[in-house]
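To start, the structure under review is shown below, and the notes come after it.
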Amino acid sequence: MSRIQLALNVSNIDGAVTFYSKLFGVKPAKQRPGYANFAIAEPPLKLVLIENAERAGTLNHLGVEVETADEVAIALDRLDRVGLETKPKETVDCCYALQDKGWVQDPDGAPWEIYTVLGDSDIHHPSPRANQSKACGTQCC
């Protein structure tokens, strides 16, 4: 199963978790200081909340979560073949998960990641919008 990921900057993680728990009727799948994610079945969505008061209410990044590393590789190969610049990142710690992923940017610079979760992690690196760097920099999440 694939699902879209939406990562939002929020001013207060606790308030945002309360709101989105009520909105979607589910509790977070993972919650750490300044971070939470929801694995929502209906609609199929991975909602990620990143506490960043300076950028609250803005998009952090978008993504497509897939089931396997092979699916990540296939997607990145397809994107390369149609002329989009991809930035693969294999076995990276990000957003409290070990992931294989790749990044692309839309024409306006919005970062999209294609990723799979390989396992749990205690590490959270800032995402591209959190520090306003370009997607696919060394601190990508």
List the atom of [X], the atom of [Y], and the distance in Å for their closest heavy-atom pair.
| X | Y | answer |
| --- | --- | --- |
| Val104 | Glu85 | CG1-O, 3.5 Å |
| Asp14 | Gln31 | OD1-NE2, 4.0 Å |
| Arg3 | Leu45 | CD-C, 3.8 Å |
| Val72 | Ile114 | CG1-O, 3.9 Å |
| Glu51 | Ser11 | OE2-O, 3.7 Å |
| Pro111 | Trp103 | CB-CZ3, 3.8 Å |

Is the closest side-chain heavy-atom distance between [X] and [Y] below 4.5 Å?
| X | Y | result |
| --- | --- | --- |
| Leu49 | Asn60 | no |
| Glu65 | Tyr115 | yes |
| Val26 | Tyr20 | no |
| Leu98 | Asp93 | yes |
| Val10 | Asn52 | no |
| Lys89 | Glu113 | no |

Single-linkage hydrophobic cluster, 4.5 Å side-chain cutoff, [X] and [Y] together:
| X | Y | value |
| --- | --- | --- |
| Leu76 | Leu62 | yes |
| Leu47 | Leu23 | yes |
| Ile74 | Leu118 | no |

Ring centre gap for Phe24 and Phe38 strictly below 6.0 Å: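 Ring centres of Phe38 and Phe24 not closer than 6.0 Å.
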Would Asp100 and Thr116 count as a side chain to side chain donor-acceptor pair (under 3.5 Å) if you check the C-alpha gap in whole Å, the side-chain angles of each, and the deciding distance to 0.1 Å? CA-CA 6 Å; Asp100 276 356; Thr116 190; over 6 Å; no
Over 12 foreign heavy atoms within 6.0 Å of CG, Asp120: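 Counting other residues, nucleotides and ligands, CG of Asp120 exceeds 12 neighbours.
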Please identify each residue that fulfils side-chain hydrogen bond (donor to acceptor under 3.5 Å, both in side chains) with Thr68, with sequence neighbours left out.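 Scan of Thr68 (side-chain hydrogen bond (donor to acceptor under 3.5 Å, both in side chains), adjacent residues dropped) gives Glu71.
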